[in-house]
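Below is one structure, written out as structure tokens; comments come after it.
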Amino acid sequence: MYTSNLNNLILNSDSYKTSHWVQYPSGSEYLSSYIEARKGDYDVVFFGLQAFIKEYLSTPITHQDIDEAEKVIQAHGLTFNRAGWEHLIEKHDGYLPLRIQAVPEGSIVPVSNVVCQVINTDPEFYWLPSYIETALLRAIWYPSTVASVSHYCKDIIRQALEKSADNTESLPFRLHDFGARGASSQETVALGSLAHLVNFAGTDSMTALIAASRWYQMGDDMPAFSIPAAEHSTMTAWGRDSETAAFHNMIEQFGGKDKAFSVVSDSYDLWNAIDNIWGDALKDEVKNMGGTLVIRPDSGEPTKVVREALERLAVKFGTTINSKGYKVLPDYVRIIQGDGISSQSLSKIIDVVIKAGFSIENVTFGMGGGLLQQVNRDTMSWAMKSSAISIDGAWKDIYKDPVTSRSKRSKKGRLALVKSDSGQLTTIKENEMSDPTDNLLRDVYVDGKLLIEDSLTTIRERAGW
């Protein structure tokens, strides 16, 4: 019977990696590999390495892991390096003899630059840096991509607030994470939703709160917030003829001074809900409840729906003109658009809202699949490649340079990330540095030990919170 242990690090790899230990040249001692996002529409917001190290690299390999892996790998039709893994336990107590360097989490780095570099610290384990590629690259590309997309959206919203609102104080709550149900697994939610919290403080993914405590020192601090909200079932359960009663119940249950709650309002007819229920039958209750009603459309073409909803609410509740010359609804009524939001549609909706004369402070956004699931490794062309090898005491550069795809040309040598005289981050070879302290890559993990541990608060500050 084969193992069902998903935490066996030896099996957390691609099948073809198991035979690579006999493929390297005789005399191989050290192998250096790096990770980069080769291209993309966003700067990289580096995030997720600490979570991976704490979850997977802080526990040693055991003899049971080796026995399980051998049974699976050999039955799978592949060769197994049992002696190598046993020697790792004998010599290093099961901890990986690796040095992992990386930029500080939360760092913003232009694409096509090294953000992480790994090398073995014991020449007998030259095969190990490549073996962990599958797990390490995945641990970095996914949360870093989500953090990068989220940060890009934050910049879009920030610019819109600077243009159309009196201040940007509400920015951390302007993009709410709706992605938990659409993510491929709970760990995807943990990593992706947590990555979003590098930039924002609104989420409906409670798994992210656990992840922040588990991996990023937030056990005593709440990293994100939400508000009571209706779904279609809680509204339609009342029946179409009792929609007003359903809405009234929301005010009764959740209204109050300084409180906010969201009500999905298009189960039947959004325009009727705005014009005749919120803006007429329940208008006085909305005005006098002391809190904020957030109306949520959930269908239709977002640019048209948001604009028309704002215009109808303006007719019913009135507006004021802020210092930037844009219309603002009363504090007690707002809109959240959570359907069809992506980094592309976000810009279009904002443009339409501002062109219609409304401040973007009237609208909050919710993002689900576009945030957590509609990304992949190719979104930013992430790759981990070996760039240098030491054989019989001599280092040499190694790289790929396919004539069929120049975009897949890899970097050469032991690398460093430095700031140029003009202030730009750039990747160079380590031996080209005049001062080793200029290298922005820092030792994060060495021989089983996590050397640097940041809180989410620190990472947020680094990312420009």
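Positions are given from 1, in the same order as the sequence printed here. Owing to the predicted nature of the structure, the values given are computational and were not obtained by experimental measurement.
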Exercise. Got a sec, which residues hit side-chain contact (heavy atoms from CB on, under 4.5 Å) with Ala229, two or more places apart in sequence or on another chain?
Worked result: Ser262

For this session: Answer yes or no on whether Lys17 is positioned over the face of Trp127, meaning its NZ or CZ is under 6.0 Å from the six-membered ring centre and within 45° of the axis.
Result: no

For this session: Answer yes when Lys91 and Glu124 have at least one side-chain N-carboxylate O distance shorter than 4.0 Å, and no when they do not.
Result: yes

Exercise. Is a side-chain donor-acceptor pair under 3.5 Å present for Asp65 with Thr62?
Worked result: yes

Exercise. After noting the C-alpha distance and the side-chain angles of Arg296 and Asp266, does the key distance pass the salt bridge (Lys or Arg N to Asp or Glu O under 4.0 Å) rule?
Worked result: CA-CA 8 Å; Arg296 178 164 71 92; Asp266 71 337; over 6 Å; no

Problem set entry | Residues in side chain to side chain donor-acceptor pair (under 3.5 Å) contact with Glu70, at least two apart in sequence or another chain | Arg82

Problem set entry | Derivation of the side-chain contact (heavy atoms from CB on, under 4.5 Å) call for Glu453 and Leu450 | CA-CA 7 Å; Glu453 184 174 356; Leu450 177 64; 4.1 Å; yes

Problem set entry | More than 12 heavy atoms from other groups under 6.0 Å of CD on Gln74 | yes

Problem set entry | Residues that Ser13 engages under side chain to side chain donor-acceptor pair (under 3.5 Å), provided they are two or more places apart | none

Problem set entry | Centroid-centroid distance, Phe52 to Tyr445, less than 6.0 Å | no

Exercise. Are the side chains of Leu98 and Leu57 in touch, meaning some heavy atoms are under 4.5 Å apart?
Worked result: no

For this session: Can you establish whether the number of heavy atoms outside His87 located under 6.0 Å from its atom NE2 is more than 12?
Result: yes

For this session: Can you tell me which residue pairs pass the ring-ring contact (aromatic ring centres under 6.0 Å, His included) test with a partner in residues 92-116, sequence neighbours excluded?
Result: His92-Phe125

Exercise. Between Glu55 and Arg214, is there a salt bridge with N-O shorter than 4.0 Å?
Worked result: yes

Exercise. Using 4.0 Å as the upper bound for N to carboxylate O, is an ion pair formed by Arg158 and Asp155?
Worked result: yes

Exercise. Under a 4.0 Å N-O cut-off, is there an ion pair linking Lys449 with Asp447?
Worked result: no

For this session: Mark yes when over 12 heavy atoms from residues, nucleotides or ligands other than Lys412 sit less than 6.0 Å from its NZ; otherwise mark no.
Result: no

Exercise. Are the charged groups of Arg174 and Glu361 less than 4.0 angstrom apart, N to O?
Worked result: no

Exercise. So which pairs with a foot in residues 161-205 pass ring-ring contact (aromatic ring centres under 6.0 Å, His included), sequence neighbours left out?
Worked result: His176-Phe178, His196-Phe200

For this session: Please identify each residue that fulfils ring-ring contact (aromatic ring centres under 6.0 Å, His included) with Phe365, with sequence neighbours left out.
Result: none

For this session: State whether Lys429 and Asp397 are salt-bridged, where the test is any N-O pair (Lys NZ or Arg NE/NH1/NH2 against Asp/Glu carboxylate O) under 4.0 Å.
Result: yes

